[in-house]
Each structure stands twice: as structure tokens, then as C-alpha cells.
Amino acid sequence: MTALTLDGVGHAYLGRTILEDIDLAVAPGEIVALVGPSGCGKSTLAHIAAGLTNPRTGRVRRGYARHAMIFQDPALLPWATTAGNIDYGLRLAGVSRRTRSARIAKAAVQVALEPEDLQKFPVELSGGMRQRTAIARALAIEPDFIFFDEPFTALDVALRRRMQDLVIATCAAGRISGLFITHDLSEAARLAHRVAVLDTRGQGILGERLLAGAPGHRSDKAVFAWVQAALRQDPLFRHIHDVDERQIA
Ligand SMILES: Nc1ncnc2c1ncn2[C@@H]1O[C@H](COP(=O)(O)OP(=O)(O)OP(=O)(O)O)[C@@H](O)[C@H]1O
Ligand SMILES: [Mg+2]
């Protein structure tokens, strides 16, 4: 049983084909990074995989019990405290009040938020604390699968690294599977067991590369060497930086 299987998934917006013939599987406990240039349909694919959007063609099979999503924008409720934001998802999930406060406290510890941070409002938090709150909100519902859609792109390098380490450690400890969308090959090489490359125009998965060793056990040197080799020698990654507006801006 896989945690997630996409079978011939295709999609179109306003008659324009965005995705075609996407086959992708994620094994239990596995983190698969999905990379591809801007606009190739990664977010659309994540939405289909998570069930937020119905695919035009193909099917999605989910072998996990409960998923959470973490996006680039932490999307916190501005009128709720950190605790209130984490609580929101738990209430939606129908978790009892008593269990909720224990879950909030546990998730806060996991992402290294202090008890006093739980009483702050989003405007009072730094960018990193806001993103950690979004991660805590996802972890609190105790998912066994997490969809990540470029969650750390807006963070500075040092903070991004800490967030990546947090994801690596929590996913490994809880045997959580995940689909991690990113533009950043070194992020993929640190976090994932496997990297899948989406075609520039969403016409299938071009190919996959298995990464040696487990996430969290690769040296910086090994990660750097893998990225250099991928960019210089591997035709699969030839178009990875095409039409990326954020790099031009
Ligand atoms: N709701 C929508 N209606 C119409 N077109 C859409 C919609 N959402 C996305 N698209 C189009 O679908 C294509 C794929 O978009 P998507 O957001 O999936 O790409 P992406 O790979 O996630 O890009 P990025 O890396 O910039 O986030 C784009 O051409 C986009 O304009
Ligand atoms: Mg996107």
C-alpha cells in the first residue's frame, strides 16, 4: 500500500491543459520532492493530490489516514493568537477541548515556540515564528501525510535551514510521508528520499532520482555535490530554472 498514488492525472483550466498523464507514488514514511519550473503545474498537482481540486482525468489513491498542508504563505488568522491559530484546525477536526490544549502545547514544543509566544497575535511574530506556527498547526492534527507547497521560499537562508531540519526530524520521528514542492534543488536534496521532476508544461513526470542516504544524514558537502552534478550533468534538471519570475524579481 502506498501513502499516495497518482495515476494518469490530468487537468485543464478554461480549456487549457495544465497537467497530463501524471503518475507519481509516495511510499509510507517517504518524502518525495517535486520540482519543476514556475507555472508548470506543481501547485495544481498538490491541490489535486490533496483532494482540494478534482482531476479532469486519472485517479488519486490515498493510503494515509489524515493529511495536513503547509504553504508558502503561513495564512494565519490575524485576529487569533498563535494558540488560537493552532486550535482552529483542531476544532475543525472535532478534537475535544481537553485534548486540544495538550496538542497545542506539544506542537509548540516541536517547533520551538515558547509558551509566551502562544499568546501573541500574528502581527507580533517574526516571519519565522509565523511559519513555525503554520507548521505547528499542521503537526497538531497529527497527520501521517503532509503536503508542502514551497513553504520556506520566503524565509532567509539560516531560518530556512532550521525549518528544513524540523521537517526532516518530525517526519522521521512520526513516520510521516510527504510531497514537498520546491524550486530549490538543495532543499530537495536535504529533505527528500527521492526527487521527481515535472515537465515544463505539466506533460508528465520527466523522471525521478533517488537520493543516497536518509534525509538528515547527508553532509552539506554531499548535498552541494549532488546539486552541482544535477545542474551540470543531468539532462533531467535542464529546465529547472526556466521562467522563474521570482528569481528575476
Ligand atoms: N484557478 C486557476 N484558473 C486558471 N488558471 C490557473 C488557475 N490556477 C493555476 N492556473 C494556471 O495553471 C498553470 C499552473 O499553475 P500552478 O500554480 O499549478 O503552477 P506552479 O508550478 O505551482 O507555479 P509556481 O512555481 O510559480 O508556484 C499556470 O499557467 C497558471 O496560470
Ligand atoms: Mg505553485
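Hydrogens, waters and symmetry mates play no part in the numbers below; they use all other heavy atoms, side chains included. Ligands are counted one by one from 1 in listed order, and the atoms in each one are counted from 1 as well.
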Quick one, Leu6 and Val60 - any side-chain contact, counting heavy atoms below 4.5 Å?
yes
Within ligand 1, which atoms have a heavy atom of His183 less than 4.0 Å away?
25 (O)
Under 2.8 Å from the Mg ion (ligand 2), is there any N, O or S atom belonging to Thr44?
no
I'd like to check Arg162 versus Leu159 (side-chain heavy atoms, cut-off strictly below 4.5 Å). Are they in contact?
yes
Hey, is Glu150 one of the residues with a heavy atom under 4.0 angstrom from ligand 1?
yes
Can you tell me how far the CZ atom of Phe148 sits from the CG atom of Leu191, to the nearest 0.5 Å?
7.5 Å
Show me the pairs that pass ring-ring contact (aromatic ring centres under 6.0 Å, His included) and involve residues 123-146, at least two apart or across chains.
Tyr64-Phe145, Phe145-Phe147
Output the list of atoms in ligand 1 that are nearer than 4.0 Å to some heavy atom of Ile18, sorted by atom number.
11 (C), 12 (O), 13 (C), 14 (C)
Option from Val111, Ile70, Ile168, Ile135 for which side-chain contact (heavy atoms from CB on, under 4.5 Å) with Met163 holds:
Ile135
Is it the case that Ser43 and Asp149 place a side-chain donor and acceptor less than 3.5 Å from each other?
yes
Note: heavy atom closest to atom 24 (P) of ligand 1, options Pro37, Gly41, Ser38, belongs to Ser38
Do any nitrogen or oxygen atoms of Leu14 come within less than 3.5 Å of a nitrogen or oxygen of ligand 1?
no
Is Cys40 in polar range of ligand 1, meaning some N or O pair under 3.5 Å apart?
yes
